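These notes concern the structure reproduced below.
All figures in this text were calculated on a predicted structure; none of them were measured in a lab. In each ligand, atom 1 is the first atom listed, and ligand 1 is the first ligand listed.
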Amino acid sequence: MKLWGGRFEEGPSKVFERFSGSLHFDRRLVHADIQGSQAFARALEGVGILRASERAELVAAFDQLDADAGKTEFFEGASDEDVHTLVIRKLGEKVGALAGKIHTGRSRNEQVSLDVRLWLRGEIDRACELLADLMQALLDCAGRDPAAVVPGYTHMRRAQPVLWAHYLLAYFEMFARDYERLQQARARVNVMPLGSGALAGSGFPFDREAMARDLGFDSITNNSMDVSADRDFALDFLYAASTTMLHLSRLAEDWILYSSEEFGWLELGDGVTSGSSLMPQKKNPDSLELVRGKFGRVFGDLNSLFVTMKGLPMTYNRDMQEDKEPLFDAADQLCGSLQMAREVVATARLKPERPAQAAEESWVVATDLAEALARSGTPFHQAHQIAGRLVLESVRTGKKPSDWNAESLKAFAPEFTSECAAVLNPSEGMKTREIAGGTGPQHVAKALGEAQVRLAKLRA
Ligand code: ARG
């Protein structure tokens, strides 16, 4: 079926029909389309186009369609141009000529905006729930090894000792910002466009605020031309999704390394790893590699819509139909990756002795030493020099920090004090970092408690 045709002497060619049809992907919007059309039927009653009995008949028929749409037969053999056309045709099969009234004063340009907003709102809520689940898994992971010490890295070189929990809380912060960004995108999505017509505003005096309330929108759009032209709300989501995927990809990269034989810090769950068809010993982190890989795809979706929208003249252009596949793909990949990452985090086990050994045998305590010297009055520049010379000497002679003590330090440089000897142990040096945002153990314990409260607030 077509929602147009009167003006044409010939129908569309097969090639054009196949090329332009969107039903095979926008069928995903069917429930949103039906929900929006039910609200629109109520609005049509409000402006006297439908009698109460007609509105009731249409709403009931839409309820049946909504149930039918859950079955695969619903779409079988359908050759409608898009989901909006399909729904109206199916409505006609149920209520006959009355279906011809449902599109009064409505354009598909606003309908597609409405449907995508309704659908996307649900996807954002689902993504936020999954994100919160992942954040909880990170906190649980921190709770399993609250005292574990690991080397923190810069330039992928051992830098300073930190608590494993502090490292995990860094990701908690990234994901907390992602949650916020998704909510900000949701606020842009949750604006009601109906009543805009094709571009000039509807010719029927709909109570737009009532429609917004009916469909759970926070507000109504301000300009009908903007509605037909705008996909910012989709771009906002794609950006938030890309940033979340970026963080997931970095976590994935870390954990691929940390679970390697070279690091040996983490044992990944059997359930999230796979073997090799040839090498019997392999236990590969495919789940994390896929999470890392899917960033490219979601970022590609963001780019795709950006480039589609660039330079489009006001207002609607058919190019904009190309918004849906990247949007659907990004939502799927985001939710899938969040779920996967949560399972990896929940089933991984830290082997704390390995990172502790890495921290002890390297010179990650050098900064603590220099700062201890500075605390006892040595100018920091000189303290840095002394600690640097101690490292050089140790590297030459194969000494670890624990091979030194108060006496040998003092013999090496008279500036060394007993506090300096204490911080040769990474766990001791960390205690000097009891500052807001730092890895001091008391602060981290507090931060973990606060993170739990923040997460509960997000979920509420
Ligand atoms: N399938 C179209 C889309 O997704 C619906 C809008 C059609 N509007 C039009 N003027 N052809 O963008």
Side-chain angles (χ1 to χ4, degrees), residues 1-8 10-37 39-40 69 74-75 78-91 99 102-123 189 191-203 221 223-238 301-302 304-332:
M1 189 182 102
K2 295 262 163 322
L3 295 174
W4 46 272
R7 184 244 175 272
F8 294 83
E10 282 178 31
S13 81
K14 283 280 157 252
V15 171
F16 174 58
E17 232 171 25
R18 213 179 318 118
F19 183 66
S20 62
S22 56
L23 185 60
H24 60 286
F25 55 85
D26 68 14
R27 54 188 271 180
R28 197 158 163 171
L29 298 174
V30 68
H31 296 293
D33 198 75
I34 290 169
Q35 191 193 354
S37 293
F40 195 64
F74 189 74
F75 297 97
S79 60
D80 309 87
E81 186 180 322
D82 54 26
V83 68
H84 324 294
T85 312
L86 170 98
V87 167
I88 291 178
R89 174 171 64 78
K90 294 274 186 182
L91 185 69
I102 189 64
H103 210 55
T104 311
R106 184 177 70 170
S107 160
R108 278 180 299 164
N109 296 349
E110 55 182 335
Q111 201 179 353
V112 78
S113 169
L114 178 83
D115 292 3
V116 172
R117 288 169 190 270
L118 283 171
W119 170 82
L120 190 50
R121 191 171 72 182
E123 292 298 301
V189 166
V191 185
M192 207 288 301
L194 282 186
S196 299
L199 76 160
S202 182
T221 55
N223 181 291
S224 60
M225 295 184 81
D226 181 40
V227 166
S228 291
D230 172 40
R231 289 294 181 272
D232 292 2
F233 61 91
L235 287 169
D236 285 347
F237 166 72
L238 288 171
D301 293 329
L302 170 65
S304 167
L305 186 57
F306 253 123
V307 179
T308 299
M309 296 308 293
K310 189 251 171 202
L312 285 188
M314 285 285 267
T315 52
Y316 177 83
N317 301 270
R318 192 65 177 270
D319 315 45
M320 291 162 73
Q321 181 171 291
E322 296 299 318
D323 62 350
K324 278 165 220 66
E325 285 164 294
L327 201 52
F328 295 164
D329 183 60
D332 289 346

- Query: Shortest non-hydrogen contact from His31 to Ala69?
  - Reply: CE1-CB, 4.1 Å
Using distance alone, with no hydrogens and no angle criterion, decide if [X] and [Y] have a side-chain donor and acceptor under 3.5 Å apart.
X      : Y      : answer
Arg18  : Ser13  : no
Ser304 : Asp301 : no
Thr85  : Arg89  : no

Any idea which atoms of ligand 1 are less than 4.0 Å away from a heavy-atom of [X]?
X      : answer
Ser22  : 1 (N)
Asp82  : 1 (N), 5 (C)
Lys324 : 3 (C), 4 (O), 12 (O)
Gln321 : 1 (N), 2 (C), 3 (C), 4 (O), 12 (O)
Val112 : 3 (C), 4 (O)

- Protein residue, atom and distance nearest to atom 8 (N) of ligand 1, heavy-atom basis: Asn109 OD1, 3.0 Å
- Query: atom 3 (C) of ligand 1: which protein heavy atom is closest, and how many Å away?
  - Reply: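 Nearest protein contact, heavy atoms only, for atom 3 (C) of ligand 1 is Tyr316 OH, 3.3 Å.
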- Message: Geometry only, no angles: is Arg231 polar-contacting ligand 1 at N/O separations under 3.5 Å?
- Response: no
- Message: Measuring only between side-chain heavy atoms, which start at C-beta, is Leu327 closer than 4.5 Å to Trp119?
- Response: yes
- Query: So, are Arg318 and Glu81 salt-bridged, with charged N and O less than 4.0 Å apart?
  - Reply: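 Answer for the salt bridge query: yes.
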